[in-house]
Amino acid sequence: MLSPELIDSLFPEDLPGPDHWEERYPPRDLPAGAEVTRFSPSPTGYLHIGGVYVAIIDADLAGRSGGRYLLRIEDTDQARVTEGAVEQFADALTYFTISPTEDDLSGSYGPYVQSSRAGIYLTYVRELLRGDHAYLDFSSKAELEEITARQRAAGALPGYYGKWATWRDAPGEQVEERLAAGDPYVVRFRSPGLSGGRISFTDAIRGDLSADDNRNDAVILKSSDQPLRLPTYHFAHAVDDHLMRITLVVRGDEWLSSVPLHLQLFDALGFDPIRYAHVAPLMKQDGSSRRKLSKRKDPEASVGYYIEQGYPAEAVQYYLRGLANGRLAELPLPEALAAPLQLSDFNAAGALVDLVKLDDISADYIATQSGAAIAAQVSTWATAFDPELAGIVEAEPDLAQRALAIERGDVPNPRKDLRKWADFRPVYGYFFPQIFEPVADAADARFGGLDAALVRQVASTFAGRYQPPGEDLSQWFSQIRELATQLGFAPSNKAYKQNPDAYPGSIREASQVIRVLLTGTPHSPDLAQISAALGDEEVLRRIRAVI
RNA sequence: GGCCCCGUCGUCUAGUGGCCCAGGACGCCGCCCUCUCAAGGCGGUAACGCCGGUUCGACUCCGGUCGGGGCUACCA
């Protein structure tokens with residue numbers, strides 16, 4: 001064991017003791033049953049959608065119990081920190097309305113960024129050293145690799161433990177010698193779990209679990225050759241979650257196997273253990289197997305994808321909450337968003353994210369909104385992600401409103417043609433002459449293989465005696481019906497089906513020609529309403545393009 | 001290799017010994033509605049990983065096995 005003087009010489013002289021921090025961060029004064037949760041992402045890039053998933057859970061559990069939900073940035077791996085990541089986190093959390101209820105500005109348990117808490121960790125590292133719960137390790141990377149190789153050769157389990165842990169019981173003189181030489185070192189936890197026993201603990205989602213006790217002497221403080229002396233995740237977790245007075249740690253189940261280590265750490269530090277809820281990660285189908293959604297391979301793994309595509313936050317929230325608690329997926333959206341998440345209702349298995357399902361949910365949700373509300377949201381979205389469209393819509397706000405008002409609002413079956421704001425351009429863009437590209441080729445595939453000469457004939461006949469939409473829009477369509485009959489189309493779909501060889505198509509095909517000419521797409525709302533919105537001049541310009 | 005977690009239709013799931021030859025939702029397929037696109041309505045497709053055991057009876061309990069995932073980093 002190292003002398004107290006030597007241990008103290010390793011730390012700043014004015015480093016406070018644990019009592020100082022205990023007083024600085026007192027137990028919280030909250031009602032009984034209030035949960036204090038934290039969302040703690042690493043700023044290594046765009047936020048993962050799984051992060052939003054966990055944050056939703058954190059926010060819900062804390063909010064409903066009258067507790068606090070805080071955001072803690074885990075940047076102990078300085079090499080991987082990405083510029084601007086923290087700002088993106090904030091934007092993403094704002095978008096999904098899960099901003100923390102406690103942060104550097106509003107909370108008194110900060111700082112909430114780990115790299116700013118270096119001194120706090122040092123206090124507890126020194127404390128562990130003083131109690132002989134930790135020791136200095138001067139092993140080089142090569143030496144570590146060599147140990148692993150020898151373990152493999154001997155058929156021993158890998159790790160830094162027991163007799164393999166070279167520095168665990170190294171004599172004090174040896175340590176002093178290396179220190180004097182200025183050699184870099186890490187601080188390792190002296191694991192008490194060498195006896196090879198089992199350990200039991202309870203997880204709020206999975207119930208009672210057991211595992212082999214930890215016996216690895218995990219690194220708790222990274223190398224002294226780093227400019228900023230920071231702890232590893234394990235140690236920071238114990239210190240921060242204790243000092244921030246967290247009551248429930250919600251995290252991915254990849255941490256499950258670290259629980260024995262964490263429990264030892266809490267014990268050695270003299271902290272009361274904290275409850276855990278390990279949630280299954282969001283998965284992705286990959287060939288015949290499934291794997292965790294990967295930020296590198298899967299665009300939909302990043303929250304940026306949902307924001308750039310313009311999925312309404314409510315739809316994503318609803319989808320994610322349904323994944324967390326299956327019964328919420330059966331509820332209508334407003335009820336589901338208002339219902340509490342229940343830890344006991346979580347499924348222990350990892351769910352596959354299903355973008356098709358999200359699309360369906362989102363389309364349903366958007367369909368409940370008025371044209372004006374949609375226009376406003378499209379506008380906001382476009383300002384950020386499609387500036388050209390934003391400019392066009394801004395120049396003609398009435399047109400956008402009129403386009404989105406068709407078959408929406410107070411109708412029994414509102415249109416469901418928008419799944420996300422990015423759909424506006426392909427689905428409604430044709431309303432704007434700046435975006436619309438007239439269809440000039442009569443043989444265009446969009447006409448469904450109809451004879452080119454016939455396409456031109458439909459167009460010229462229609463243009464030749466065009467009747468503008470009047471008071472009664474339902475009258476407008478009769479000109480297509482007449483034209484269709486005159487040009488030999490079947491009067492109804494039924495008649496066409498009964499005798500397909502007798503006609504070039506039914507009235508349906510005839511209207512499709514007009515539709516494609518008017519909109520450039522095979523799917524659109526009622527043609528009479530579109531014509532009314534477009535104006536006669538524009539209608540005729542588009543029809544004549546193909547003649 | 002060792003340890004841990006998980007396993008019902010393609011997907012999300014309901015199901016805690018008889019209500020289940022397994023229910024719902026999304027998808028897919030078909031039909032209907034319709035003067036045109038969507039939408040909508042109706043119907044269909046499709047699963048308890050496998051093998052044993054316990055029991056009058058197992059999706060439900062037990063054991064094994066297979067499969068998937070995770071950890072085994074000075075990454076989180």
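Each chain gets a letter, A, B and so on, in the order its sequence line appears, and its residues count up from 1.
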In whole Å, what separates the [atom1] atom of [N] from that of [M]?
N      : M      : atom1 : value
B:rC12 : B:rC6  : C1'   : 16 Å
B:rG44 : B:rC50 : P     : 25 Å
B:rU34 : B:rG40 : C1'   : 11 Å
B:rC59 : B:rC20 : P     : 13 Å
B:rG67 : B:rC26 : P     : 35 Å
B:rC66 : B:rG30 : C1'   : 38 Å
B:rA14 : B:rG7  : P     : 11 Å
B:rG23 : B:rG43 : P     : 14 Å

Give one of base, sugar-phosphate or nothing for [X], where a contact means two heavy atoms less than 4.0 Å apart.
X        : value
A:Val219 : sugar-phosphate
A:Arg327 : nothing
A:Glu330 : base
A:Ala329 : nothing
A:Ser210 : sugar-phosphate
A:Pro281 : nothing
A:Pro412 : nothing

Under 4.0 Å from OP1 or OP2 of [N]: is there any side-chain N or O of [X] that close?
X        : N      : answer
A:Lys357 : B:rA25 : no
A:Arg198 : B:rC4  : yes
A:Lys222 : B:rC75 : yes
A:Thr232 : B:rA76 : no
A:Arg508 : B:rC37 : yes

Between [options], which nucleotide gets closest to the side-chain atoms of [X]?
X        : options                : result
A:Asn413 : B:rA76, B:rG40, B:rG27 : B:rG40
A:Glu254 : B:rU36, B:rC12, B:rA76 : B:rA76
A:Leu157 : B:rC12, B:rG1, B:rG27  : B:rG1
A:Asp77  : B:rA39, B:rA76, B:rC26 : B:rA76
A:Leu352 : B:rA39, B:rU11, B:rC75 : B:rU11
A:Asp526 : B:rA38, B:rC74, B:rU36 : B:rU36
A:Ile507 : B:rC37, B:rG69, B:rU36 : B:rU36
A:Asp417 : B:rA76, B:rA38, B:rC12 : B:rA38

Tell me: [atom1] of [X] to [atom2] of [N], nearest whole Å?
X        : N      : atom1 : atom2 : answer
A:Asp360 : B:rA25 : CG    : C1'   : 9 Å
A:Asn347 : B:rA25 : CG    : P     : 20 Å
A:Leu256 : B:rU72 : CG    : C1'   : 14 Å
A:Glu143 : B:rC74 : CD    : P     : 14 Å
A:Asp203 : B:rC4  : CG    : P     : 15 Å
A:Leu209 : B:rC6  : CG    : P     : 7 Å
A:Leu358 : B:rC26 : CG    : C1'   : 11 Å
A:Phe346 : B:rU13 : CZ    : P     : 11 Å

Least distance between heavy atoms, [X] atom then [Y] atom:
X        : Y        : value
A:Val125 : A:Phe11  : CG1-CZ, 3.9 Å
A:Leu228 : A:Ser115 : CD1-O, 3.8 Å
A:Ala403 : A:Tyr428 : O-CE2, 3.7 Å

>> Among A:Leu179, A:Val175, A:Asp225, A:Asp137, which residue satisfies the side-chain contact (heavy atoms from CB on, under 4.5 Å) criterion with A:Tyr185?
In response: A:Leu179

> Centres of the A:Tyr124 and A:His133 rings: under 6.0 Å?
Replying inline: no

>> Assess the residue pair A:Arg72 and A:Met244 against the criterion (side-chain contact (heavy atoms from CB on, under 4.5 Å)); give the C-alpha distance rounded to whole Å, side-chain angles, the decisive distance to 0.1 Å, and a yes or no.
In response: CA-CA 10 Å; A:Arg72 185 173 72 222; A:Met244 289 179 175; 3.5 Å; yes

> Charged N to carboxylate O under 4.0 angstrom, A:Asp217 versus A:Arg188?
Replying inline: no

> Can a cation-pi geometry be assigned to A:Arg542 and A:Phe436, taking NZ or CZ under 6.0 Å from the six-membered ring centre and within 45° of the ring axis?
Replying inline: yes

